[in-house]
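Chain letters run A, B, ... following the sequence lines, proteins first and then strands; every chain starts at 1.
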There are 2 protein chains.
Amino acid sequence: MLSQRQLDILTLVVQLHAATGEPVGSKTLMNAGINASSATIRNDLSFLEKEGFIEKPHTSAGRVPSVQGYRFYVDHLLKPSTVSNEELSSIRQSFNRNFTALNEIIEKSAQVLSDLTSYTAFSLGPEMNERKLTGFRVVPLNNQQLMAIIVTDRGNVESQVFTVPDDVSSGDIEKIIQIINDKLVGQPLITVYNKLRTEIPLILQRYFQTPRGIMDIFESILGNAFEERVYIGGQMNLLDVDLIPDVHQFKLVYSLMSNQNQVSSLIQTPKEGISIRIGEEIQNDLLANMSLITASYDVAEHGTGTIAILGPTNMAYSRMFGIVEAFRHELADYLADYYRLLDS
Amino acid sequence: MLSQRQLDILTLVVQLHAATGEPVGSKTLMNAGINASSATIRNDLSFLEKEGFIEKPHTSAGRVPSVQGYRFYVDHLLKPSTVSNEELSSIRQSFNRNFTALNEIIEKSAQVLSDLTSYTAFSLGPEMNERKLTGFRVVPLNNQQLMAIIVTDRGNVESQVFTVPDDVSSGDIEKIIQIINDKLVGQPLITVYNKLRTEIPLILQRYFQTPRGIMDIFESILGNAFEERVYIGGQMNLLDVDLIPDVHQFKLVYSLMSNQNQVSSLIQTPKEGISIRIGEEIQNDLLANMSLITASYDVAEHGTGTIAILGPTNMAYSRMFGIVEAFRHELADYLADYYRLLDS
DNA sequence: TATTAGCACTCGAAACGACCGAGTGCTAAT
DNA sequence: ATTAGCACTCGGTCGTTTCGAGTGCTAATA
């Protein structure tokens with residue numbers, strides 16, 4: 001369908017446009033290594049345009065890749081650049097501090113990934129839904145306040161301070177803790193979440209007249225732990241990209257990113273490995289001129305996590321692909337170590 | 001010095017400029033209620049300019065208040081607008097949820113204040129430095145992880161999960177906890193912080209060969225609790241203000257606000273009550289075209305806290321002053337209640 | 001003496017237009 | 001199939017003009 005030269009031209013259009021941000025013209029392509037006259041290149045350009053791979057912003061400008069063009073490039077022409085050893089070791093180094101809870105590692109990873117790419121990065125830890133509630137503690141802090149601590153499967157910890165309502169005695173609390181330990185600890189979180197709305201209130205009714213107040217508290221705590229949390233790094237990097245035409249849109253994007261649910265569904269990826277979505281493929285009007293690279297990673301029997309970066313449509317795909325690819329492996333390795341340590 | 005009409009004119013210039021953002025001309029002032037011809041007003045304007053209260057962006061524009069003009073307005077002309085009952089009750093309502101730890105109340109207050117003013121808001125809880133360490137708990141989570149919980153004076157809680165180094169046995173941990181409980185609980189935080197670097201290591205040396213690793217952990221945890229934390233709400237509101245000329249400056253301001261130390265010293269206020277700093281008075285080049293309203297509030301014997309808002313120099317001072325004034329009292333009352341509850 | 005009407009003047013913002021040049025499409029020659 | 005040549009397009013830049021809000025000054029007025 002496309003001649004080799006046409007493939008070369010498309011590749012260069014994508015890469016030069018990524019490098020300069022400008023539309024690419026026939027002479028530029030000639031100088032960039034296409035072995036043909038500018039006229040010939042123009043013919044090819046015109047062909048590529050007819051086929052929908054590139055388009056021109058206006059008559060007398062150069063060409064710019066279309067979404068379809070990017071798609072084709074990403075699917076067939078992209079050669080992931082290998083990550084330099086220095087970068088690799090800088091990734092490792094940034095994970096090298098002795099982190100504490102899993103959440104903090106995940107949070108840090110979003111930070112590092114965004115620094116590395118200078119775009120906005122997302123990080124979601126290994127699948128939460130398969131996790132079990134492995135520990136539940138309530139620690140008295142003073143007369144009126146308690147701290148509830150929830151430990152899930154491995155390493156993930158949520159805590160919340162709460163004030164005891166007037167009508168609840170410390171004996172009541174004891175009983176509730178015992179019930180929770182009996183009935184909930186060791187169960188998958190999803191079960192916990194369900195029982196909390198069905199079975200537990202029934203049991204509590206046997207002991208208390210009005211279990212509602214205290215139940216609300218525990219429900220909110222456990223609910224917190226249940227929610228998966230996507231960490232975001234480098235949100236301000238979006239401001240550098242000239243793709244945010246006005247401040248208003250930036251605020252919209254920012255508030256989009258403040259909403260866990262929306263972010264969650266944004267970086268949801270259907271398939272294994274790395275997926276690249278370009279412009280309108282993201283199916284979100286706000287992000288129409290951006291691209292999203294999503295990658296999943298497996299941590300042995302501990303489920304799979306997700307990382308992602310969001311940048312301009314004309315990002316340097318091969319470099320970004322390389323970074324994301326390297327990063328997902330590093331993170332998976334690091335987490336495998338982390339779990340191994342916990343198990344030892 | 002200034003005639004009554006000149007005072008009126010200055011007031012109107014400030015207020016109209018706040019309302020429209022445009023320089024104010026003589027005709028506008030005439031229509032806005034100054035009882036004199038535009039020529040007369042021009043004379044007064046020219047006088048006010050000579051005295052340094054107003055200035056003109058360029059020859060054929062209207063006048064704009066100078067910093068000195070704002071200063072005079074704020075010091076002598078400003079009538080704080082009273083806050084409507086609805087607003088007052090909406091403030092109260094937003095505090096009405098059953099909050100848990102003090103930090104969360106303070107965080108929420110920054111949020112509410114920024115919503116109310118549509119500027120950026122800061123909130124610092126009642127003086128931390130006078131606080132004492134009243135509780136210290138270490139809770140085992142699993143084989144390798146512990147959670148340390150620190151409770152200060154009243155209601156303030158910090159927690160941190162950490163992984164136990166290989167060379168530390170659970171007996172060691174027990175001993176350390178005991179030492180901390182003996183030597184540190186009940187002391188003011190500042191003492192804790194100091195002892196942690198002097199006395200405690202000496203004691204530990206008696207028991208362990210290499211106390212360093214474990215000490216690092218505790219030091220970082222306690223250090224965390226020691227740090228005062230200013231909460232910020234509505235940072236994105238700065239983007240609405242047309243005062244941020246370019247995205248670059250916004251990023252600078254944003255990173256300024258990401259630095260606890262800088263924010264802390266920013267909202268440091270010398271005097272009691274409400275203080276208004278205008279433009280260059282803030283002594284920060286980045287904020288040269290903004291104003292900062294800082295207010296302190298007392299919570300009986302629990303120290304004093306600070307709230308602040310940061311907005312454009314031409315903000316509606318009387319309204320903002322009113323809001324901040326109302327807010328500091330509401331917050332003080334609410335916290336007084338909160339502490340009363342804890343003491344009961 | 002304070003106020004006001006009148007008028008010439010200033011200067012930024014917006015509208016206009018000429019020009020430039022990168023880039024195109026097409027045609028005819030190789 | 002490729003290329004040289006050329007007329008054409010159109011956004012961006014830059015200087016000019018126009019417009020109008022606002023000023024300062026002067027002379028008349030209360």
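Going from atom CG of B:L113 over to atom CD1 of B:I323 covers 8.0 Å, rounded to the nearest 0.5 Å. We find the CZ-CD1 distance between B:R71 and B:I278 to be 4.0 Å, quoted to the nearest 0.5 Å.
B:S109 and B:S123 share a side-chain donor-acceptor pair at under 3.5 Å. Inspection of the A:S37 and A:T40 side chains reveals an N or O donor paired with an N or O acceptor under 3.5 Å. For the residue pair A:Y317/A:S291, the side-chain donor-acceptor check at 3.5 Å is satisfied.
Scanning DNA chain C 5' to 3' for nucleotides with an atom closer than 4.0 angstrom to a non-hydrogen atom of chain A gives a first and last hit of C:dA22 to C:dG25.
Closest contact between the side chain of A:S37 and the listed nucleotides D:dT3, D:dA21, D:dC10 involves D:dT3.
A salt bridge links A:E87 to A:R319: one of the charged nitrogens lies within less than 4.0 Å of a carboxylate oxygen. The residues A:R63 and A:E55 are annotated as not salt-bridged, no charged nitrogen and carboxylate oxygen being separated by less than 4.0 angstrom.
The end-to-end axis angle of the helix from C:dT1-D:dA30 to C:dT30-D:dA1, rounded to 10 degrees and based on five pairs per end, is 20°.
Among the protein residues, B:K56 comes within range of the sugar-phosphate backbone only, with heavy atoms under 4.0 Å from sugar or phosphate atoms but none that close to a base. Base contact: B:A39 has a heavy atom under 4.0 Å from a base atom.
Of the residues in residues 40-50 of chain B, those with a non-hydrogen atom less than 4.0 angstrom from any atom of DNA chain C are B:T40, B:R42, B:N43.
Under the side chain to side chain contact (heavy atoms under 4.5 Å, CB included) test applied with A:V64, the options A:E22, A:H17, A:K56 reduce to a single match, A:H17.
Side-chain contact between A:L256 and A:L287: present, with at least one pair of heavy atoms (C-beta onward) separated by less than 4.5 Å. For the pair A:S318/A:P80, no side-chain contact is recorded, criterion being any heavy-atom separation below 4.5 Å from C-beta on.
Taking for each of A:R5 and B:G62 the nucleotide of DNA chain D with the nearest heavy atom, the 5'-most of the two is the partner of A:R5.
Considering all non-hydrogen atoms of both residues, A:G311 and A:Y119 come closest at CA-CG, 3.9 Å.
Per the geometry, NE2 belonging to A:H58 stands 9 Å off P belonging to D:dC10, to the nearest Å.
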